[in-house]
2 protein chains.
Amino acid sequence: MHDDETSTGESPTGRRPTIYDIAERLELSPSTVSRALHKPGRINATTVEKIRAVADELGYRVNPMARALPTGMSGTFAVVLPDITNPVHFELIRGAEQVARSHGATLVVSESEGSPALERETIETLQQSVDGLLVVASRLDAAQLRKLAAIKPIVAANHSARDLPSVTPDLRGGLTAALDHLHELGHRSVAYLGVTGLAINRARWDILLDLATEGSMSVVEIGIEEPTVDGGSSALRRIRASGVTAVLAYNDLVAHGVLRAARAAGIDVPTAFSVVGFDDIFSAELTVPALTTLRSPLRDIGTKAMALLADPGTNRSPSHVVLPIELVTRESTAPPPPR
Amino acid sequence: MHDDETSTGESPTGRRPTIYDIAERLELSPSTVSRALHKPGRINATTVEKIRAVADELGYRVNPMARALPTGMSGTFAVVLPDITNPVHFELIRGAEQVARSHGATLVVSESEGSPALERETIETLQQSVDGLLVVASRLDAAQLRKLAAIKPIVAANHSARDLPSVTPDLRGGLTAALDHLHELGHRSVAYLGVTGLAINRARWDILLDLATEGSMSVVEIGIEEPTVDGGSSALRRIRASGVTAVLAYNDLVAHGVLRAARAAGIDVPTAFSVVGFDDIFSAELTVPALTTLRSPLRDIGTKAMALLADPGTNRSPSHVVLPIELVTRESTAPPPPR
DNA sequence: CTGTTAGCGCTTTCAT
DNA sequence: ATGAAAGCGCTAACAG
């Protein structure tokens, strides 16, 4: 059996060829090879040809490390986020990955486990080897981030940071739509299921407070520990005790948890109370009842944020991009029970 | 407002200090600093102290790039997978990330979009800057992978590759359990909803064929294009046409799709037919009916695979680790309809 | 225990 | 259009 049918015929040795190898082969200087490969136009067209030919005959690839040393540019960007397991982040990562790739860059993903200290540590370490960082749902405050950004550009995704470029969803718009929807259905008192201690949570709560004051809606906060399915489940008793007729969940995972707990307890949603999620992750339409949720433009946030980051013209100026949130009405919201 | 309360007092300049800066400050040689920081025991304890002190006074961090050049070790590993968006990969990535971190290494995640050519390209590029690769659900054949592995170690995760270390779930065991379960319920004909053209798919199908021959079960394959929710939905008509009373889905996403389509068509699962998923992603228990599924030890696969990869003693020897699969029985399976 | 020297692979003046 | 040489930050012999 012959299994040698590879396109690029790399040498059998375990060592990758360098520009020296190809320079030697052609009796040229390494600098010429370097230029031929990366500075179009500055070298005789026919020598470029030859160099190219030998390059892929040898299966040459530039060594990004070696390249990064003199230039200070690594061609890689990092995204650091609190929890890589949260489906919310995936579309964001994917958007970012796609844009990074279109710039010929690589993406590094790193998790900070929701710890500010670890987040800081991660950023400082990563800064040595990337051209910029995408910080998602940071647990660090604006001042710290600004200071870190002095070394390598940082753009904030999914949370705002005063002095940094940021890409965020239009929380106010989205929350308004959700509250209006609930109000139209007849609800007058809603609970917000938030994760205590997160900056983004505070922002939402503030807006909700504003909105409630404006409209004729009463709103209470029910704090949960973790933005997970289990976190949501654990809140059921308090939801029932609070007497609200609708709940706004921190995210879809939490909403899933509420649904699961309600179902387990024999409580029908949306008959007993309505549930609105946040994010519209893929499973939101698969539950029963299917989840009414605020669709956050995750993919676009990732795309936009990476575009800002990859462009030297924008990655330092604090431009705040705000993307619209859409209310997706499904089955988990209905008029409140008569009382 | 004073906002200077950072722990490590880094210099106001945008340039990170090097070992030269700290060597100069202490009138030592750079190599002493290098050793003090990374070769414990070889340097006078008190000088190490001083060096440490100056180091974090200056906010020093090693530059991994500079370090990688002479050593050939970058301290980063890559995981390349077909689709970063597939929840199946979440836990695997997370497991890998955790182990990588415990080795002080960074993880790069890269997507190949299911294209063999792009996968190859991605691997070759990444090889220059990582110490090893975790290739998940590869679309490349064993020969190609073996050849690529000549440069940097590759371990195969979630699919086997003859000459490479691999970590895979016990497909045969799992499928046996699923078929037994179905058989006990009274099913005698099942369809396998596979993604045509994937190596791992072929493996499953072969096992299924084996198993069907052994037991008294007839099995047909229904091919779908993509292992996604939509892919699953699109198969409903063919499932109904085939006359089978149970279906084994390629993964939970596909199963979700079948459930969704059935629900939309007013067909009740499991009354009309049973559905068994694969993987047990977090949303499997949230659907209605909750999904009976084969729980693949994703997290452990990630953990194990990265452990093999990070250990120079194991990352070249083709050890095949097989992890057990567990059948999780929920609501989507029941006796077949009487006929 | 510590200093000197050379180089990792590539880019980049400065020459020619 | 091409070459020579220096250097990016760090490590690794090889001396002392």
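Below, chains carry the letters A, B, ... as their sequence lines are ordered, and counting in each starts from 1.
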Could you state the interatomic distance from OG (B:S138) to CZ (B:R120), rounded to the nearest 0.5 Å? 11.0 Å
First contact, last contact: which nucleotides of DNA chain C are these for chain B, 5' to 3', heavy-atom distance under 4.0 Å? C:dC1 to C:dG9
Using ring-ring contact (aromatic ring centres under 6.0 Å, His included) as the criterion, list what pairs up with B:Y60, not counting sequence neighbours. none
Starting at the 5' end of DNA chain C and moving along, which residue's nearest nucleotide shows up first, B:L28 or B:A68? B:L28
B:V155 and B:L133, any side-chain heavy atoms less than 4.5 Å apart: no
Using five pairs at each end of the helix from C:dC1-D:dG16 to C:dT16-D:dA1 to define an axis, what is the angle between those two axes, to 10°? 30°
5'-most by nearest nucleotide on DNA chain D - B:R67 or A:E27: A:E27
Salt bridge or not for A:E57 and A:K50, using N-O below 4.0 Å? no
Of all pairs that satisfy salt bridge (Lys or Arg N to Asp or Glu O under 4.0 Å), the ones with a partner from residues 82-105 of chain A, not counting sequence neighbours: A:D83-B:R94, A:E91-A:R299, A:R94-B:D83, A:R94-B:E111, A:E97-A:R101, A:R101-B:E113
Would you list the pairs meeting ring-ring contact (aromatic ring centres under 6.0 Å, His included) in which at least one residue belongs to residues 77-131 of chain A, sequence neighbours left out? A:F90-B:F90
Looking at residues at least two apart in the chain, or sitting in another chain, which of them share a salt bridge (charged side-chain N to carboxylate O under 4.0 Å, His left out) with B:E119? none
Identify whether the distance between the nearest side-chain nitrogen and carboxylate oxygen of A:R15 and A:D21 falls below 4.0 Å. yes
Please report the shortest heavy-atom distance between A:L58 and A:P17, naming the atom on each side. O-CG, 3.4 Å
Which nucleotide span of DNA chain D, 5' end to 3' end, has atoms closer than 4.0 Å to non-hydrogen atoms of chain A? D:dA1 to D:dG9
Can you name the salt bridge (charged side-chain N to carboxylate O under 4.0 Å, His left out) partners of B:R139, sequence neighbours left out? none
Any Lys/Arg nitrogen of A:R146 or A:D141 sitting under 4.0 Å from an Asp/Glu carboxylate oxygen of the other? no
Heavy atoms only, 4.0 Å cut-off, all strands: where does B:S31 land among base, sugar-phosphate and nothing? base
Please identify each residue that fulfils side-chain hydrogen bond (donor to acceptor under 3.5 Å, both in side chains) with B:T303, with sequence neighbours left out. none
Residues of residues 69-77 of chain B with any non-hydrogen atom less than 4.0 angstrom from an atom of DNA chain C: list those, numerically ordered, please. B:L69, B:P70
If you take all heavy atoms of B:A137 and B:P82, which pair is closest and at what distance? O-CG, 3.9 Å
Sequence neighbours excluded - side chain to side chain donor-acceptor pair (under 3.5 Å) pairs with any residue from residues 62-79 of chain B: B:H38-B:R67, B:S74-B:D131
Let's see if you get this right: which residues in residues 32-49 of chain A place a heavy atom under 4.0 Å from DNA chain D? A:T32, A:R35, A:R42, A:I43, A:N44, A:T47
Could you tell me whether the side chain of B:E124 reaches within less than 4.5 Å of the side chain of B:K152, counting heavy atoms only? no
